[in-house]
Amino acid sequence: MSRSYTLVVDCPDRPGIVYSVSRIIFENDGNILESRQFEDRETGRFFLRVVFESGCDQAVLADAVATLGEGFDMDWKLVPTNQPVKVLILVSKFDHCLAHLLYKVRIGEIPIEIVGIASNHPATALTATDLRNIPFHHLPVTRDTKAQQEAGIKALVQDSGAELVVLARYMQILSDDLAAHLSGRCINIHHSFLPSFKGAKPYHQAHAHGVKMIGATAHYVTADLDEGPIIHQGVESVTHEDSPDDLVRKGREIENQVLGQAVAWHVAHRVIRNGKKTVVFKG
């Protein structure tokens, strides 16, 4: 019986890559369903995402890709298509992004398994979220206990097998140590169209400056605060008639959409790191 697989390739650009990948898929009883590629002329890197069906076992396919990868100096990943990704979500008091992700998961739009929700506030601080049977972890933090609290987050990632950590309006700055520990597997939603209006009350800052557009940015977390590779951004026009509360309301909707889309693309293996940037093969 055929099964669908997703192959993602990142390697130095040279002739024959697409031909060689297509050939091994053909030779292993495969049929390509979708293929997207990008050549970065600035860096000389080549990026490829292929979805295909094959009657071969995943281990056999992986061996064939590994042999090919040695000749092309490839970084590659081969996974069953739509295989659920284990996700740990961190949240503070503002839980609209969390609620949005839970809804997307429960109606089957995003193939993730939420293995836990952790917060620096108790569950009673959340107002709009039906947690049901998802494990909830209260990890309070102060300046003096930050190291211990982050050790608890690391333990949750390890014990739950989380492959991705999502900061769904988690209003704590991660230490360089934790950011490095989660490198490439932690997505944050920033309540601004980066790099503008950082810090407290960004929508009030935007309103005070008379901006005509607000937005949100989903990016990978790095030790450089709010400067990690950007996955997705969204914007909406505003006018002088909009109050700060209007901006907050509109901003929440943008945050929901941007974070939800970024997570969906990540778990579908449509996002590939490219230095300080990303290649995103949108669905």
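Numbers here are sequence positions counted from 1. These values consider heavy atoms only, across backbone and side chains, with no hydrogens, waters or symmetry-generated copies.
Under the side chain to side chain donor-acceptor pair (under 3.5 Å) criterion, Asp130 pairs with Arg132, not counting sequence neighbours. Here Asn120 pairs with Ser92 under the side chain to side chain donor-acceptor pair (under 3.5 Å) rule; sequence neighbours left out. Every side chain to side chain donor-acceptor pair (under 3.5 Å) that Gln149 has, sequence neighbours left out, goes to Tyr170. For the side chain to side chain donor-acceptor pair (under 3.5 Å) test, no residue two or more places apart in sequence or in another chain qualifies with Ser54. Not counting sequence neighbours, Glu163 has no partner by the salt bridge (charged side-chain N to carboxylate O under 4.0 Å, His left out) test. By the salt bridge (charged side-chain N to carboxylate O under 4.0 Å, His left out) test, Lys77 pairs with no residue at all, sequence neighbours left out. In this view, Arg23 and Glu27 satisfy the salt bridge (charged side-chain N to carboxylate O under 4.0 Å, His left out) rule, not counting sequence neighbours. Not counting sequence neighbours, the partners of Arg270 by the salt bridge (charged side-chain N to carboxylate O under 4.0 Å, His left out) test are Glu34.
Between Pro80 and Thr6 there is no side-chain heavy-atom pair separated by less than 4.5 Å. When side chains are defined from C-beta on, Lys146 counts as touching Glu150, because their heavy atoms get closer than 4.5 Å. Residues Glu113 and Val85 form no side-chain contact, since every pair of their non-hydrogen atoms from C-beta on lies 4.5 Å or further apart. Using a 4.5 Å cut-off on side-chain heavy atoms (C-beta onward), Leu259 and Lys104 make no contact. You'll find the side chain of Ser119 stays beyond 4.5 Å of the side chain of Leu139, heavy atoms only. With contacts defined as side-chain heavy-atom distances shorter than 4.5 Å, the pair Asp10/Val8 does not qualify. Two residues are said to be in side-chain contact when any heavy atoms from C-beta on lie closer than 4.5 Å; Ile187 and Ile231 meet this criterion. In this structure, Leu98 and Leu102 have side chains that are in contact, with non-hydrogen atoms separated by less than 4.5 Å.
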Please table the atom pairs, donor to acceptor, closer than 3.5 Å between any side-chain atom in residues 153-160 and protein atoms at least two apart or in another chain.
unit_1	atom_1	unit_2	atom_2	d
Lys154	NZ	Asp177	OD2	2.5
Ser160	OG	Leu156	O	2.6
Ser160	OG	Ala162	N	3.3

Contacts table for residues 272-283: side-chain donor-acceptor under 3.5 angstrom, sequence neighbours left out:
unit_1	atom_1	unit_2	atom_2	d
Asn274	ND2	Asp40	OD2	2.7
Thr278	OG1	Ile230	O	2.7

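Annotation for Cys186 and Leu167: closest pair SG-CG, 3.8 Å, computed over non-hydrogen atoms. Across Arg169 and Ile189, no two heavy atoms sit closer than the pair N-CG2, 3.7 Å.
Atom OG of Ser2 and atom CG of Asp29 lie 6.0 Å apart (nearest 0.5 Å).
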As a quick check of understanding, evaluate salt bridge (Lys or Arg N to Asp or Glu O under 4.0 Å) for Asp242 and Lys250, giving each step before the final call. CA-CA 10 Å; Asp242 287 304; Lys250 292 181 178 182; 3.2 Å; yes
Checking side-chain hydrogen bond (donor to acceptor under 3.5 Å, both in side chains) for the pair His191/Glu255: CA distance, chi angles, key distance, verdict? CA-CA 7 Å; His191 46 215; Glu255 292 163 15; 5.0 Å; no
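The stretch residues 250-280 participates, sequence neighbours left out, in these ring pair (Phe, Tyr, Trp, His ring centres under 6.0 Å) pairs: Tyr220-His266, His232-Trp265.
Other residues sharing the hydrophobic cluster of Val9, ordered by chain and number and joined by side-chain separations under 4.5 Å: Tyr5, Leu7, Ile17, Val18, Val21, Ile24, Ile25, Ile32, Phe46, Leu48, Val50, Phe52, Leu61, Val65, Leu68, Phe72, Met74, Trp76, Leu78.
Panel note: side chain Arg185, backbone His181; a donor-acceptor pair is recorded below 3.5 Å.
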